[in-house]
Amino acid sequence: MLENCIKKRLIVIAVAVLIFLSSTTGFAALFAKDYVLGGKSGWPQFQKQENITTGKGRYGYDCIQLASNSFVFDEYTDLLIDFENSENPISDGDYIINKNNFQLTNQTKNEKFAGLSRNMGGLSVSGKPGTFFGSQGVMGSFSIEFWLCPSIAENGEIVLNWESSKNENGKLIFQVVNGTFDKGHIKWELNNIFDGYQNETGKNEVELNGISKIIPDVWSYHVLSYDCETGILEYVVNGITEDLKYMTETRKEGSDVNLVYLGTPSELSICSEFTGKMDDFRILRRPYCPPDFQSAENAGKIGHTQYLPAGGRFITKPIMVSTGSTLNKLIAEMNVPSQTAVCFYVRSGENFYGWNDEYPEWKPVESGEQIRGITGLFFQVAAELMPDGNGEKTPAITSIKLDFTELPEPLPPFVVKAVAGNGSVTVSWNYSVDDTAGGYYLYYGTRPGEYLGRIAIEGESPINVGNTTSFTVTGLENGKIYYFAVAAWSSYDMRVVGNLSKEVFARPLARLK
């Protein structure tokens with residue numbers, strides 16, 4: 001007897017506590033949840049990204065950070081090979097692959113992967129009409145740029161080779177563009193490339209030689225460049241001009257320029273006889289232009305890592321939560337070195353059709369601070385990563401946690417009954433025990449579990465019957481069985497609908513009164 005009294009008192013106390021909590025907080029009925037990007041579960045594919053890559057963040061997880069000075073495809077780019085795609089190393093450019101013996105390696109200079117050549121033929125490509133090496137005739141300025149990390153830097157190793165021919169006054173003239181290792185440097189040979197050019201011996205041949213010794217297992221940046229305005233042909237290593245010649249009538253500045261004239265289109269071979277790594281090979285239809293972020297102090301540093309001053313950014317795909325959810329905080333696990341910065345933005349909506357870069361409007365937010373006014377079925381996150389002033393440091397984001405509250409789905413009625421009538425069925429139920437229920441949907445159909453009814457005078461399934469406990473569905477076919485279920489909708493937002501009740505059925509008959 002005493003034990004029963006104690007149990008009853010404990011139940012009364014528990015109920016009183018629940019009533020007190022519900023009455024003292026307006027959010028007692030809301031559910032706190034979170035959604036994590038990155039961290040243990042990894043990063044999803046982004047909707048948009050620019051100049052970012054993954055690295056190692058806190059706890060050994062992948063982080064998002066700036067990509068180190070990787071080449072990008074712009075209006076001057078003729079070919080870009082970045083080795084990021086295992087099936088096709090060409091990122092952009094109207095070229096086709098004839099042979100590819102490169103392997104991918106994560107020992108990279110830029111982004112995730114570089115190309116690994118084991119002296120097995122390298123990569124050969126052919127340009128389609130309109131490309132630099134796929135066209136015939138007079139050409140303009142060009143620059144060929146790439147990062148290189150040799151394993152041995154052995155004499156005779158071939159980094160780049162293009163061979164073709166042109167018809168000159170009825171004679172077949174062979175053309176060559178060739179870059180090979182010679183005594184720890186790269187030597188460039190360009191034969192019969194510049195129309196009308198003659199060297200000191202009267203031949204249409206030009207040679208450029210590197211000065212800096214190329215060190216095995218160290219990345220270095222190489223550019224072969226020609227300016228059709230000045231006639232300057234130069235070889236640049238790590239931002240420093242190592243050799244320069246004038247492709248002009250006098251081989252000096254100021255005289256008439258000898259232009260590039262290419263003959264029959266032919267394939268371009270890259271690292272055909274070379275052991276080592278290459279990254280971000282690019283051909284541009286303009287002369288070499290030093291990056292604006294490359295300071296004189298850092299220009300000669302071999303392997304120096306730099307980041308674009310404009311930084312990088314990403315936008316997630318729309319993240320589906322639940323109708324009427326409210327984003328409370330964005331909490332980022334990140335490393336932000338001195339002078340670097342990370343800026344976050346969020347937006348939301350009940351659907352993402354018609355979204356563009358400006359709509360819905362992005363709202364800037366700070367990690368860990370309270371967010372207001374971001375509510376909907378979908379959230380979206382954007383971030384900007386900015387390097388330091390010297391372009392030497394990058395911020396890194398290991399994870400982003402979205403703390404949000406969602407409206408609860410109200411419980412269905414526990415007791416539901418169906419009574420048949422003449423061409424009708426009256427369905428009744430008890431009120432839901434959930435005080436967040438604001439009204440009810442009545443579902444009906446002609447198969448168990450399939451509530452696809454359309455025949456009722458009151459409308460198609462489901463019928464919003466409001467906050468009532470009984471409803472008569474009319475216009476039904478006598479002799480046919482119908483199945484019914486009830487679900488409550490939320491008093492916070494009627495678009496939030498809970499689970500279905502147990503199913504009941506009834507068969508309208510004419511003899512029923």
Side-chain angles (χ1 to χ4, degrees), residues 27 30-68 70 84 106 111-112 307-352 355-388 393-407:
F27 294 100
L30 302 180
F31 292 161
K33 289 198 172 184
D34 58 61
Y35 186 96
V36 178
L37 298 158
K40 186 176 182 180
S41 56
W43 291 93
Q45 184 178 1
F46 294 128
Q47 179 174 295
K48 288 185 180 180
Q49 65 180 67
E50 179 182 342
N51 198 34
I52 62 167
T53 186
T54 55
K56 286 299 176 186
R58 294 183 178 178
Y59 320 117
Y61 299 139
D62 282 349
C63 68
I64 300 298
Q65 62 185 36
L66 292 173
S68 57
S70 56
E84 294 303 309
N106 58 8
E111 300 188 82
K112 292 184 179 180
Y307 304 101
L308 292 170
R313 54 203 49 81
F314 67 82
I315 300 176
T316 68
K317 293 181 178 179
I319 300 165
M320 184 176 179
V321 281
S322 62
T323 297
S325 293
T326 299
L327 182 60
N328 301 315
K329 287 184 180 180
L330 179 152
I331 303 171
E333 181 76 38
M334 56 185 175
N335 178 34
V336 185
S338 175
Q339 300 181 38
T340 69
V342 177
C343 302
F344 291 105
Y345 305 86
V346 295
R347 63 182 181 179
S348 62
E350 288 301 328
N351 65 68
F352 57 87
W355 285 18
N356 54 39
D357 291 342
E358 290 79 30
Y359 175 82
E361 183 179 358
W362 289 100
K363 182 174 184 176
V365 297
E366 296 289 337
S367 174
E369 293 191 2
Q370 191 71 29
I371 299 172
R372 301 188 186 280
I374 301 298
T375 301
L377 175 59
F378 294 95
F379 297 149
Q380 194 170 32
V381 179
E384 294 179 341
L385 289 75
M386 308 300 293
D388 66 326
K393 300 176 184 177
T394 174
I397 307 171
T398 300
S399 66
I400 298 173
K401 183 171 74 170
L402 303 179
D403 281 354
F404 64 97
T405 49
E406 66 176 14
L407 297 176

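In this text, all values refer to a predicted model and were calculated from it rather than measured experimentally.
For T53, the side-chain hydrogen bond (donor to acceptor under 3.5 Å, both in side chains) test picks out no residue, with sequence neighbours left out. By the salt bridge (charged side-chain N to carboxylate O under 4.0 Å, His left out) test, K363 is found to be paired with no residue, residues two or more places apart in sequence or in another chain being considered. Under the rule for a ring pair (Phe, Tyr, Trp, His ring centres under 6.0 Å), Y61 has no partner lying at least two apart in sequence or in another chain. In terms of the side chain to side chain contact (heavy atoms under 4.5 Å, CB included) criterion, residue partners of N356 (sequence neighbours excluded) are, by chain and number, E358, Y359. Shown here are the salt bridge (charged side-chain N to carboxylate O under 4.0 Å, His left out) partners of K56, two or more places apart in sequence or in another chain: D62. Under the side chain to side chain contact (heavy atoms under 4.5 Å, CB included) criterion, I52 pairs with F46, Q49, I64, F314, sequence neighbours left out. For K33, the salt bridge (charged side-chain N to carboxylate O under 4.0 Å, His left out) partners at least two apart in sequence or on another chain are E406. Every residue two or more places apart in sequence or in another chain was checked for a salt bridge (charged side-chain N to carboxylate O under 4.0 Å, His left out) with R347, and none qualifies.
For the residue pair P318 and F378, the shortest heavy atom distance occurs at CB-CD2, 4.1 Å. Contact detail for D403 and L327: the closest heavy-atom pair is O-CD1, 3.5 Å. Listed here is the closest heavy atom pair of I315 and A382: CG1-CB, 3.9 Å. Taking each heavy atom of P360 and S348 in turn, the nearest pair found is CG-O, 3.8 Å. Looking at every heavy atom in both residues, G311 comes nearest to P387 through CA-CD, 3.8 Å.
Note on residues 38-48: pairs passing side chain to side chain donor-acceptor pair (under 3.5 Å), not counting sequence neighbours, are Q47-Q380, K48-D357. Judged as a salt bridge (charged side-chain N to carboxylate O under 4.0 Å, His left out), the pairs with a partner in residues 308-328 (not counting sequence neighbours) are, in order, E50-R313.
Side-chain atoms of D34 and L402, non-hydrogen and from C-beta on, never get closer than 4.5 Å to each other. Looking only at side-chain heavy atoms (C-beta outward), P44 and T316 stay at 4.5 Å or farther from each other. Annotation: side chain of V321 is in contact with side chain of F404 (closest heavy-atom distance under 4.5 Å).
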Quick one, I331 with I400, criterion side chain to side chain contact (heavy atoms under 4.5 Å, CB included). Give me CA distance, side-chain angles, the key distance, then yes/no. CA-CA 6 Å; I331 303 171; I400 298 173; over 6 Å; no
Verdict with supporting geometry, Y35 and I319, side chain to side chain contact (heavy atoms under 4.5 Å, CB included): CA-CA 9 Å; Y35 186 96; I319 300 165; 3.6 Å; yes
Applying side chain to side chain contact (heavy atoms under 4.5 Å, CB included) to N351 and L377, what does each step give before you reach the verdict? CA-CA 7 Å; N351 65 68; L377 175 59; over 6 Å; no
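Taking CZ of F379 as the reference point, atom CE of M320 lies at 12.0 Å (rounded to 0.5 Å).
Within the 3.5 Å criterion, the main-chain N or O of G39 finds no donor-acceptor partner in the side chain of S399. A side-chain donor-acceptor contact under 3.5 Å links D388 to the backbone of K393.
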Under 3.5 Å donor-acceptor pairs involving side-chain atoms of residues 365-374, not counting sequence neighbours:
| from | atom 1 | to | atom 2 | distance (Å) |
| --- | --- | --- | --- | --- |
| S367 | OG | A332 | N | 2.9 |

Do any side-chain atoms of residues 333-345 form donor-acceptor pairs under 3.5 angstrom with protein atoms, and if so which ones, sequence neighbours left out?
| from | atom 1 | to | atom 2 | distance (Å) |
| --- | --- | --- | --- | --- |
| E333 | OE2 | R58 | NH1 | 2.5 |
| T340 | OG1 | P337 | O | 2.6 |
| Y345 | OH | E384 | OE1 | 3.4 |

